[in-house]
Amino acid sequence: MTDHVLTLMAVHAHPDDEATGTGGLLAKCAAEGIRTVLVTCTDGRCGDGPDGVKPGEPGHDPAQVVALRQQELEASCAILGVDHLELLGYGDSGMMGWPSNDAPGAFWGTPVDEASPALVALIEKYRPDVVVTYDEYGFYGHPDHIQAHRVTMAAVAATDVPSKVYWTTAPRSLFDKMAAMMRELGAEWDEDPDAVQIGVPDDEVTTTVDVHAYIHQKFEALAVHASQSENIMFLQMGESKFDELMGAETFLRVRDKTGSPLPETDLFQGLR
C-alpha cells in the first residue's frame, strides 16, 4: 500500500504562462484529485506596468510590476486549484535581444548548472509523476522559455523522478483558426508559424487533452493577469471564441516509463 499522491509539476517562465498553455490541464488535474505544483521561474519584471507603460518608459517601476504580477499569479493559482506555487525568483529577461537579457540575476544569463539545483530540490520534494515544460525553442523563442526548457530537462536528468515528461505544443492547423478569429476581431495578423518554428505538424502531436469543461477557469485565470491584458490577445476574443480555440491542450511526450500507447488523451495514462 502506498500513500503516494499522483502529482503534476508544470514549469513555466513568467506569471500568466501557466494559464495560456496549461490552465485547463491544471484545473482538470485539480478536479480529479491530482496534486498540482506550479513552478514559475521569473518575476515578470519586464512586463507592462500600470496603464500599459512599457519597460524602459517613464513610470515603469520593475519592483512595482513584480509585486503586482505576483498577486495576479496567486489569484490565477486560486482559480485553477493549484496546490503549490513555487517561485524560483530569477529576473525576467525580456524579449530576445533586449538589454535585460544580460541584467544581473536575469534567468537567461544564468548558467543552467547554477539554476537547475533549485528545481532538482523541488522535484525531489514533490516527486512529480508528470512534468510539463516548453520545447527546446521555448514554444515561440522567448529566452526565458528556452531557459525553462533547459533547466527543466537538466533537473529531470539529474533526478530521474518523473515517469513522464511533456512539452507544450500546438498543431499547425490551430494557427489558421487563430488567424481567422483575430481577423474577425479586426486585429492585424501576419504571423507565419513556419517562419518562427511555432508548433508542429498535426500528426506529430502525441497528446491532446480535452479541457472544454474547464474553459471558464482557464479564461478567468488568464483574465486576472489584467496588468498584461494588452499583450494577451486571447482575452480579446471573449470566452466563447476562446473555448473554440483553446478548449484542447496539446503536448509532445518526450519521456515515458509506463509504456502507454500513443496517441493519448491523458498525461497520466499508464499511471492511474
Engineer: Grab the two heavy atoms, one from A154 and one from V112, that are nearest each other, plus how far apart they are.
Structural biologist: CB-CG1, 3.8 Å
Engineer: Exactly one of K54, H60, Q228 should register a side-chain hydrogen bond (donor to acceptor under 3.5 Å, both in side chains) with D48. Which one does?
Structural biologist: K54
Engineer: Taking all non-hydrogen atoms of both residues, which atom of I215 and which atom of M246 are closest, and how far apart?
Structural biologist: CD1-O, 3.5 Å
Engineer: Check the pair D266 / R272 against salt bridge (charged side-chain N to carboxylate O under 4.0 Å, His left out), numbers first and verdict last.
Structural biologist: CA-CA 10 Å; D266 176 13; R272 296 180 190 266; 2.8 Å; yes
Engineer: Step by step, would you call M9 with H84 a side chain to side chain contact (heavy atoms under 4.5 Å, CB included)?
Structural biologist: CA-CA 9 Å; M9 176 178 284; H84 303 279; over 6 Å; no
Engineer: Tell me, do Q269 and T258 make a side-chain contact under 4.5 Å, heavy atoms counted?
Structural biologist: no
Engineer: In Å, rounded to the nearest 0.5 Å, how long is the span from OG1 of T133 to CG of L119?
Structural biologist: 8.5 Å
Engineer: Taking S227 as the fixed residue, which of E72, Q64, Q71 is the one that meets the side-chain hydrogen bond (donor to acceptor under 3.5 Å, both in side chains) rule?
Structural biologist: E72
Engineer: Suppose we call two aromatic rings close when their centres sit under 6.0 Å apart. Are H12 and H145 close by that rule?
Structural biologist: no
Engineer: I'd like to know if the side chain of D144 reaches the main chain of S93, judged simply by a donor and an acceptor atom lying under 3.5 Å from each other, with no hydrogens or angles considered.
Structural biologist: yes
Engineer: Hey, could you give me the OG1/CG distance between T206 and L267, rounded to the nearest 0.5 Å?
Structural biologist: 8.0 Å
Engineer: Is it possible for you to say whether L25 and V82 belong to one hydrophobic cluster, with membership spreading through side-chain heavy-atom contacts below 4.5 Å?
Structural biologist: yes
Engineer: Is there a donor in the side chain of D43 and an acceptor in the side chain of H14, or the other way round, less than 3.5 Å apart?
Structural biologist: no
Engineer: For P143, does its backbone N or O pair with a side-chain atom of N101 as donor and acceptor, under 3.5 Å?
Structural biologist: no
Engineer: Measure the CD-CG distance between E18 and L73 for me, rounded to the nearest 0.5 Å.
Structural biologist: 5.0 Å
Engineer: Do T207 and T265 come close enough that some side-chain heavy atom pair is under 4.5 Å?
Structural biologist: no
Engineer: Could you grab the distance from atom NE2 of H142 to atom OH of Y137, nearest 0.5 Å is fine?
Structural biologist: 12.0 Å
Engineer: Indicate the atoms forming the closest heavy-atom contact of T159 with P162, along with that distance.
Structural biologist: OG1-CD, 4.0 Å
Engineer: Looking only at heavy atoms, which two atoms of C41 and V11 are closest? And how far apart?
Structural biologist: SG-CG1, 3.8 Å
Engineer: Side chains of D243 and H212 only: does a donor on one sit below 3.5 Å from an acceptor on the other?
Structural biologist: yes
Engineer: Between T42 (side chain only) and A13 (backbone N and O only), is there a donor and an acceptor less than 3.5 Å apart?
Structural biologist: yes
Engineer: With a 4.5 Å limit on heavy-atom distance, are the side chains of W108 and I146 in contact?
Structural biologist: yes
Engineer: Do L122 and V39 pass the side chain to side chain contact (heavy atoms under 4.5 Å, CB included) test, and can you show the C-alpha distance, the side-chain angles, and the key distance before you say yes or no?
Structural biologist: CA-CA 9 Å; L122 293 175; V39 180; 4.0 Å; yes
Engineer: Are T40 and L88 close enough, and set up right, to give a side chain to side chain contact (heavy atoms under 4.5 Å, CB included), and what steps lead you there?
Structural biologist: CA-CA 6 Å; T40 301; L88 295 191; over 6 Å; no
Engineer: Taking V209 as the starting point, is it possible to reach L222 by hopping between hydrophobic residues whose side chains are less than 4.5 Å apart?
Structural biologist: no
Engineer: With rounding to the nearest 0.5 Å, note down the distance linking CH2 in W98 to SG in C46.
Structural biologist: 6.0 Å
Engineer: Are F268 and F251 in one and the same hydrophobic cluster, where Ile, Leu, Val, Met, Phe, Trp and Tyr link if side-chain heavy atoms are under 4.5 Å apart?
Structural biologist: yes
Engineer: Determine whether V130 and L85 fall in the same hydrophobic cluster, where Ile, Leu, Val, Met, Phe, Trp and Tyr are linked whenever their side-chain heavy atoms lie under 4.5 Å apart.
Structural biologist: yes
Engineer: Does the side chain of P201 come within less than 4.5 Å of E204's, by heavy atoms?
Structural biologist: yes
Engineer: Looking at Q217 and G23, would you say the former's side chain and the latter's main chain have a donor-acceptor pair under 3.5 Å?
Structural biologist: no
Engineer: Once salt bridge (charged side-chain N to carboxylate O under 4.0 Å, His left out) is applied, what residue pairs with a partner in residues 249-258 remain, sequence neighbours excluded?
Structural biologist: D160-R255, D160-K257, K218-E249, R253-D256, R253-E264
Engineer: What about F139 and Y134, are their ring centers closer than 6.0 Å?
Structural biologist: no
Engineer: What I want to check is whether the side chains of E86 and Y126 have a donor and an acceptor closer together than 3.5 Å.
Structural biologist: yes
Engineer: Without swapping roles, check the side chain of S229 against the backbone of H225 for a donor-acceptor pair under 3.5 Å.
Structural biologist: no
Engineer: Donor-acceptor check, side chain of T168 to backbone of V132, threshold 3.5 angstrom: yes or no?
Structural biologist: no
Engineer: Can any side-chain N or O of D83 pair as donor or acceptor with the backbone N or O of V37 at less than 3.5 Å?
Structural biologist: no
Engineer: Show the nearest heavy-atom pair for residues P171 and T250, with the distance to one decimal.
Structural biologist: CD-OG1, 3.5 Å
Engineer: For the OG atom of S100 and the CG atom of D92, what is their distance to the nearest 0.5 Å?
Structural biologist: 7.0 Å
Engineer: Can a donor-acceptor pair be found, under 3.5 Å and without considering hydrogens, that links the side chain of R69 to the backbone of G44?
Structural biologist: yes
Engineer: Any sub-3.5 Å donor-acceptor pair from R172's side-chain atoms to I198's backbone N or O?
Structural biologist: yes
Engineer: Quick one: do Y214 and L26 satisfy side chain to side chain contact (heavy atoms under 4.5 Å, CB included)? Show the steps, please.
Structural biologist: CA-CA 9 Å; Y214 307 94; L26 288 165; over 6 Å; no
Engineer: If you take all heavy atoms of V161 and P128, which pair is closest and at what distance?
Structural biologist: CG1-O, 3.8 Å
Engineer: Examine distances only and state if a side-chain atom of D202 and a backbone atom of S173 form a donor-acceptor pair shorter than 3.5 Å.
Structural biologist: yes
Engineer: Tell me whether I34 shares a hydrophobic cluster with L38, the cluster being built from Ile, Leu, Val, Met, Phe, Trp, Tyr side chains joined at under 4.5 Å.
Structural biologist: yes
Engineer: Take atom CG in D113; do more than 12 heavy atoms of anything else shown fall under 6.0 Å from it?
Structural biologist: yes
